[in-house]
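Keep in mind that the numbers below use all heavy atoms, side chains included, and drop hydrogens, waters and symmetry copies. What you see is a predicted model; the values in this text were computed from it and never measured. Atoms within each ligand, like the ligands themselves, are counted from 1 in listed order.
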Amino acid sequence: MNREELLASNRWMVRYTHTCTCDPYCLGSKNGRCGNTTYLNGGEQELGLEAVAEAMARSFKHEGIADVEVWQETDEVRDRRIAAHKRAEADEARGIWWGMGGAN
Ligand SMILES: [Zn+2]
């Protein structure tokens, strides 16, 4: 899957809790645990929740991962994300253009 296809597909997401190693403890921590929500980029969902937990431990150096939940974006969420991405790209393009204009 190339970058465009990945962007346009319904992305897989993961949410889990882990031992809070934030220093100082983060505001979201409850009984020394906090959570993370992120995208799955390596197709780990196909290998099961344990593989997902291992991938997260590797990527984020999170320990004691539990309560792993995996789901796929709905079309609505995907469309919102794509729209936000396009806006960000347009802003960036404008920024470059304005930057060049300023050099005149
Ligand atoms: Zn924390």
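With sequence neighbours excluded, the residues forming a ring pair (Phe, Tyr, Trp, His ring centres under 6.0 Å) with Phe60 are His62, listed by chain and number.
With a 6.0 Å cutoff to the six-membered ring centre and a 45° limit on the axis angle, Arg15 counts as a cation-pi contact of Trp71.
Two residues are said to be in side-chain contact when any heavy atoms from C-beta on lie closer than 4.5 Å; Ile65 and Thr17 fail this criterion. Side-chain atoms of Met56 and Leu40, non-hydrogen and from C-beta on, do get closer than 4.5 Å to each other. Tyr16 places none of its side-chain heavy atoms less than 4.5 Å from the side chain of Glu69. Proximity of Met13 to Glu73: side-chain heavy atoms (C-beta onward) are separated by under 4.5 Å at one or more points.
Listed by chain and residue number, the protein N/O/S atoms under 2.8 Å of the Zn ion (ligand 1) are Cys20 SG, Cys22 SG, Cys26 SG, Cys34 SG, with waters left out.
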